Amino acid sequence: VLAAETMVRAVKQLYCGRKLGFILSLNSDKDMRGFCGALAEAGDQLIATRRSVVYKRQAPPESVAEALRSTGKPVTVTQSVKEAIALSRKMWSNDFVICITGSLYLVGEALEVLQGLEPEETMSRKT
């Protein structure tokens with residue numbers, strides 16, 4: 001939770017006055033309610049997504065969305081990182097700062113999607 005609060009504080013300071021959109025995937029062993037509460041407090045819109053990397057360790061995006069919705073913020077669930085990124089670009093205007101967070105696995109997969117990279121490893125991926 002401290003990591004989420006610190007990240008939110010830094011993003012708000014760097015992008016003062018801009019709307020924040022979060023794309024989120026969490027591992028099942030994390031404090032989901034605490035992390036989601038910190039993000040939802042700062043985020044204007046949120047996407048909970050399924051990732052394919054180390055997929056067995058992730059919390060279901062529907063559970064993450066439920067934790068986020070309990071804060072009263074709008075949440076969308078997607079079934080892939082690629083879908084989440086495409087949807088964020090479509091839904092959120094240029095005044096949004098898009099933050100991809102919650103898991104380094106998510107961030108790595110998002111970099112592959114954004115840069116059109118072939119995955120280096122496939123052992124932990126859902127096939």
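Since the structure is predicted, the reported quantities are computational estimates derived from the model, not experimental observations.
Looking at heavy atoms from C-beta onward, Leu20 lies in side-chain contact with Lys12 at the 4.5 angstrom threshold. Considering only heavy atoms from C-beta on, Glu41 stays 4.5 Å or farther from Thr71 through its side chain. Using a 4.5 Å heavy-atom threshold, the side chains of Thr101 and Phe35 count as touching. In this structure, Leu24 and Leu46 have side chains that are not in contact, with every pair of non-hydrogen atoms separated by 4.5 Å or more. For the pair Met91/Thr76, a side-chain contact is recorded, criterion being any heavy-atom separation below 4.5 Å from C-beta on. Annotation: side chain of Phe22 is in contact with side chain of Val8 (closest heavy-atom distance under 4.5 Å).
A continuous path of ILVMFWY side-chain contacts below 4.5 Å connects Ile85 to Ile98, so both sit in one hydrophobic cluster. Val113 and Ile100 end up in the same hydrophobic cluster when Ile, Leu, Val, Met, Phe, Trp and Tyr side chains are linked at under 4.5 Å. By the criterion of side-chain heavy atoms lying less than 4.5 angstrom apart, applied directly or through intervening Ile, Leu, Val, Met, Phe, Trp or Tyr residues, Leu39 is not grouped with Trp92; the two fall into different hydrophobic clusters. Hydrophobic clustering places Phe96 together with Ile47 (ILVMFWY residues linked when any side-chain heavy atoms are closer than 4.5 Å, directly or through intermediates). Under the 4.5 Å side-chain heavy-atom criterion for grouping Ile, Leu, Val, Met, Phe, Trp and Tyr, Met7 is not connected to Val107 through any hydrophobic cluster.
Separation of atoms CZ (Arg89) and CG (Asn94) is listed at 11.0 Å; rounding is to 0.5 Å. A distance of 4.0 Å separates OG in Ser88 from CD1 in Ile23, rounded to the nearest 0.5 Å. From Ser93, atom OG reaches atom CZ of Arg18 across 9.0 Å, with rounding to the nearest 0.5 Å. From Met32, atom CE reaches atom CG of Leu68 across 9.0 Å, with rounding to the nearest 0.5 Å. Interatomic distance, CD of Glu109 versus CG of Leu114, reported as 11.0 Å (0.5 Å rounding).
The two atoms that bring Pro61 and Ala48 nearest to each other are O-CB, 3.5 Å, heavy atoms only. The two residues Ser70 and Arg33 have their closest heavy-atom pair at OG-NH1, 3.6 Å. Nearest heavy atom pair, residue Glu83 against residue Gln79, reads OE1-N, 3.0 Å.
In terms of modelled atom types and a separation under 3.5 Å, the side chain of Glu62 and the main chain of Val77 share no donor-acceptor contact. Lys73 places a side-chain N or O within 3.5 Å of a backbone atom of Gly43 that can act as its donor or acceptor partner. Judged by distance alone, with hydrogens and angles left aside, the side-chain atoms of Ser103 form no donor-acceptor pair with the main-chain N or O of Leu26 at under 3.5 Å. A donor-acceptor contact shorter than 3.5 Å links the side chain of Gln58 to the backbone of Arg51.
Few gaps surround CG on Leu117; more than 12 heavy atoms of other groups in view lie less than 6.0 Å from it.
No side-chain donor from either of Thr49 and Ser25 sits under 3.5 Å from a side-chain acceptor of the other.
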